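Reviewing the structure listed below.
Remember, it's a predicted structure, so these values are computed and weren't measured experimentally. Scope of the values below: all heavy atoms of this structure, side chains included, with no hydrogens, waters or symmetry mates. Numbers restart at 1 for each chain; the letters A, B, ... are given by sequence-line order, proteins then strands.
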Amino acid sequence: MKKYHCQEITENLLNKEIRLSGWVSKRRDHGGIIFVDLRDYTGIVQLVFNPEDKELFLKAESIRSEFVIEVKGIVSDRLEGTINNDLITGKIEIIVSSLRILNKAETPPLKINDDNVNEDQRLQYRYLDMRSDKMQKTMRFRSKLIQVIRNFFYSKEFVDVETPILTKTTPEGARDYLVPSRVHPKEFFALPQSPQLFKQTLMIGGMDKYFQIAKCFRDEDLRSDRQPEFTQLDVELSFTDEEEIIQLIEELFALIFKDVMNHSDNLNFQRMSFTDALKNYGCDKPDLRNPLILKDIKKLVKEVDFKVFSDHVDNTNSRIVALKVPGGTSLSRKDIDNLTESVKQFGSKGLAYFKCEDISDIENGITSPIKKFLNTTVIKSILDEVTASNGDLIFFSADSMDIVNSSMSALIKELGARLNLLSEGWKFLWILDYPLFEKDGEGKPTSIHHPFTSPMDTSDLKEKNIYDIPSRAYDLILNGNEIGGGSIRIHSKEVQMKIFELLNISAEEMNKKFGFFLDALSFGCPPHGGIAFGVDRLVMLLLGLDSIRDTIAFPKTQSSSCLLTDAPSSVDEKQLSELSINIIKSVK
RNA sequence: GGGGGUGUAGCUCAGCUGGUUAGAGCGCCUGCCUGUCACGCAGGAGGCCGAGGGUUCGAGUCCCUUCACUCCCGCCA
């Protein structure tokens, strides 16, 4: 007898005897008749137990929620008036002739498909949570996405190569997860932060088109969109350039949207320079659905005798911006106070603003706590600069470049969401022309992308100011989220050593940490480049989920533990001594 | 490392300015019920109020410490 899934039972099977198995979603016992909703991943179908068969009926009385059962029965029309239009299978039911209880179940601690359960409960009982429609849909979507991605790259003759999980620690970047070596006491493997050096080494090895769905590990603090272990789609090609990679990836996303998202319209990919992104949006991942943009007004306020502005007028590392919010006068004083409070976490000291009630009457039509510092000419020039209309609110921020950018980009995001300013749809954006280096917290140069990124022109390395050297890096942004990034790489040993040198990595350290790679570069490395995408984050975005955890079967909590298995856990002394490890006794 | 939020029954939550015996809905158990699908009706069980300490005649409620979960800043080449 053929086996079916619940949702496959339709009128086509009327009067046929079928076999079905699944979980008991609900039992409704009317004394003389028992209904059971049987559930599998496809959905629900109603079973009917009639009292004529006493043994069968008795057994049906004993079943409870989440029992695993197998039934045989006849697919029947529902009686007049008992059709349930809320169920796809609501026109039929199964009159059960035999029941096997394959397994009992304790009363579950959470209800399947109850979307109002706390996440720690869901993670502790992930196997129950996973029975829900939502998790089933997400995990199957993810699988389909990966299938489409793999097929795309196979069809283009890319080679899928697995790279090591036990590898070498790297000096830059995130904290490594370390694995002690038993065979080599006092030495450690590191889990890969990404397969970067391996994929470049594959290029040197003549694997001219490579891709991998790769697990990556970074021991840093978590966020709703960051897990310590995550999945990357990793891609690398030899003899390539930016344009070929961009075309390849746009083609991939066209396929993903067609086959996985059932999205028929053409996708819209725009491009923007890193400089323009920072200038207009204060960040390198603007959401193009959001119409709000920043306007620099330093020139307009240079004569203004107002300390908040004048402190920054002559500082080249400072920015003074205006942000016009159309219809923003609807924000209450309390709303504005809350927004002011929320930008403070980025180091901003406050938010000044104009309320534009009547822009033709600057005397009375513009209200602002800072109006007394500004003359009519300055106010007028600001209104012109942002092309203000009646009903607009204009926020001002003056501070160091970093603080203005981070606080105002957050404000743009917040206002866009709160005032419903976002347009519909999917906005892809390539960010190009990144500089090679930026200053780190200690004022030292650090790679914006990573130290294997090629400069646009190698002669710049000698001639230009280190922070003005353009790189060949690119990022792909989708609706304000970074989904991937890559670069054309350095393929010359000399250039690579020069970059390390600029990063203050000593010859000795270079040799110790990257010696193998520098050697490899010297044996005929083809020009190459690539890109990597965060698969978990992509699934989250495409499905509109709030957290990356919902896209991962067994995710970690914010403190990097697994509530299902209770990992991490302490280990036996014996295990430790085999690894030559002593636990430092905590002073506390 | 820092800031915010949450923690009370199996689950989701209420519990005011400290005051008798800590509540609700759902779930669970028992009984009744032949057309329900949020089944219904009757009855019942279930709590170390996250943990530890303190203030008080008295603490779920106030104070301190700590743990867990969560959002954010730092961090994430």
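Taking atom P in both B:G5 and B:A42, one finds a spacing of 43 Å when rounded to whole Å. With P as the reference atom, B:G18 and B:C62 are 8 Å apart, rounded to whole Å. The same atom, C1', is picked in B:G2 and in B:A77; the two are 24 Å apart, to the nearest Å. Across B:U55 and B:C67, the matching C1' atoms stand 23 Å from one another, rounded to whole Å. Taking atom P in both B:G23 and B:G31, the straight-line distance is 28 Å, to the nearest Å. For the C1' atoms, the distance from B:G54 to B:A14 is 28 Å, rounded to whole Å. If you take atom P in B:G40 and the same atom in B:C26, they sit 8 Å apart, rounded to whole Å. Of the C1' atoms belonging to B:G60 and B:G47, the separation is 11 Å, rounded to the nearest Å.
Base pairing of B:G58: no nucleotide in any strand meets the Watson-Crick or G-U wobble criterion (both distances under 3.5 Å). In this entry B:U20 has no Watson-Crick or G-U wobble partner, no candidate having both defining distances under 3.5 Å.
Taking 3.5 Å as the limit, the base of B:C75 and the side chain of A:R226 contain a donor-acceptor pair of atoms between them. Judged by distance alone with a 3.5 Å cut-off, no donor-acceptor contact links the side chain of A:N118 to the base of B:G7. Scanning atom types as modelled, one donor and one acceptor separated by under 3.5 angstrom connect the side chain of A:R78 and the base of B:C37. In this model, no side-chain donor or acceptor of A:D120 finds a partner on the base of B:C69 within 3.5 Å. Residue A:R64 places no side-chain atom within donor-acceptor reach of the base of B:G27, judged by atom type and a 3.5 Å distance cut-off alone. Between the side chain of A:E93 and the base of B:G35, at least one donor-acceptor pair of N or O atoms lies under 3.5 Å.
At the heavy-atom level, A:E482 lies nowhere under 4.0 Å from the strands shown. In this structure, A:P51 reaches the bases: a heavy-atom distance under 4.0 Å links it to at least one base atom across the strands shown. Residue contacts shown for A:P451 include a base, since a base heavy atom lies under 4.0 Å away. Using a 4.0 Å heavy-atom cutoff across all strands shown, A:L110 reaches no nucleic acid atom at all. Using a 4.0 Å heavy-atom cutoff across all strands shown, A:L503 reaches no nucleic acid atom at all.
Test A:K199, A:Q200, A:R489 against A:H528 for side-chain hydrogen bond (donor to acceptor under 3.5 Å, both in side chains) and you get one pass: A:Q200.
The backbone N or O of A:R549 sits less than 3.5 Å from a side-chain atom of A:S547, completing a donor-acceptor pair. Using a distance-only test at 3.5 Å, with no hydrogens or angles considered, no donor-acceptor pair links the side chain of A:S348 to the main chain of A:K344. A donor-acceptor pair is defined here as one N or O able to donate and one able to accept, closer than 3.5 Å; such a pair exists between the side chain of A:Q136 and the backbone of A:M130.
The CD-P distance, from A:Q124 to B:C69, rounds to 11 Å in whole Å. The nearest whole Å value for the distance from the CG atom in A:L222 to the P atom in B:G2 is 18 Å. Atom-to-atom, NZ of A:K111 to C1' of B:C28 comes out at 12 Å; the value is rounded to the nearest Å.
The phosphate of B:A77 (OP1 or OP2) has no side-chain N or O of A:R175 nearer than 4.0 angstrom. The side chain of A:K344 contributes no N or O atom lying less than 4.0 Å from OP1 or OP2 of B:C72. Contact between the side-chain N/O atoms of A:R549 and the OP1/OP2 oxygens of B:C71 is found at a separation under 4.0 Å. Residue A:R28 places none of its side-chain N or O atoms closer than 4.0 Å to OP1 or OP2 of B:U34. In this model, the phosphate group of B:C71 is approached by a side-chain N or O of A:Q558 to a distance below 4.0 Å at OP1 or OP2. Taking only side-chain nitrogens and oxygens, A:N116 never comes nearer than 4.0 Å to OP1 or OP2 of B:C11. The phosphate of B:G3 has neither OP1 nor OP2 within less than 4.0 Å of any side-chain N or O from A:Q345.
For A:F230 and A:F217, the ring centers sit 6.0 Å or farther from each other.
Under the stacking definition used here (centres under 5.5 Å, planes under 30°), the residue A:H30 fails to qualify as stacked on the base of B:U36.
Residue-environment remark: NZ (A:K285) stays at or below the threshold of 12 foreign heavy atoms within 6.0 Å.
Take A:D37 and apply the side chain to side chain donor-acceptor pair (under 3.5 Å) test, not counting sequence neighbours, and it matches A:R28. In this structure A:K215 satisfies the salt bridge (Lys or Arg N to Asp or Glu O under 4.0 Å) test together with A:E229, sequence neighbours excluded.
Listed by residue number, A:S559, A:S561, A:L563 are the residues of residues 559-568 of chain A with a heavy-atom contact under 4.0 Å to RNA chain B.
Here B:U12 is the nucleotide among B:G74, B:G27, B:U12 with the atom lying nearest to any side-chain atom of A:Q121. The A:T82 side chain lies nearest to B:G35 when the options are B:A77, B:G35, B:G1. Nearest to the side chain of A:D221, among B:G35, B:G74, B:C26, sits B:G74. Side-chain proximity of A:R223 to B:C76, B:G74, B:U34: nearest is B:G74.
Taking a cutoff of 4.0 Å between a charged side-chain nitrogen and a carboxylate oxygen, A:R39 and A:E66 qualify as a salt bridge. Residues A:K111 and A:D129 are not paired through a salt bridge, judged by the lack of any N-O separation under 4.0 Å between the basic side chain and the carboxylate.
Toward the 5' end of RNA chain B, the nearer of the two residues A:H449 and A:T557, judged by each one's closest nucleotide, is A:T557. With RNA chain B read from its 5' end, the first of the two nearest nucleotides for A:G81 and A:S224 is the one closest to A:G81.
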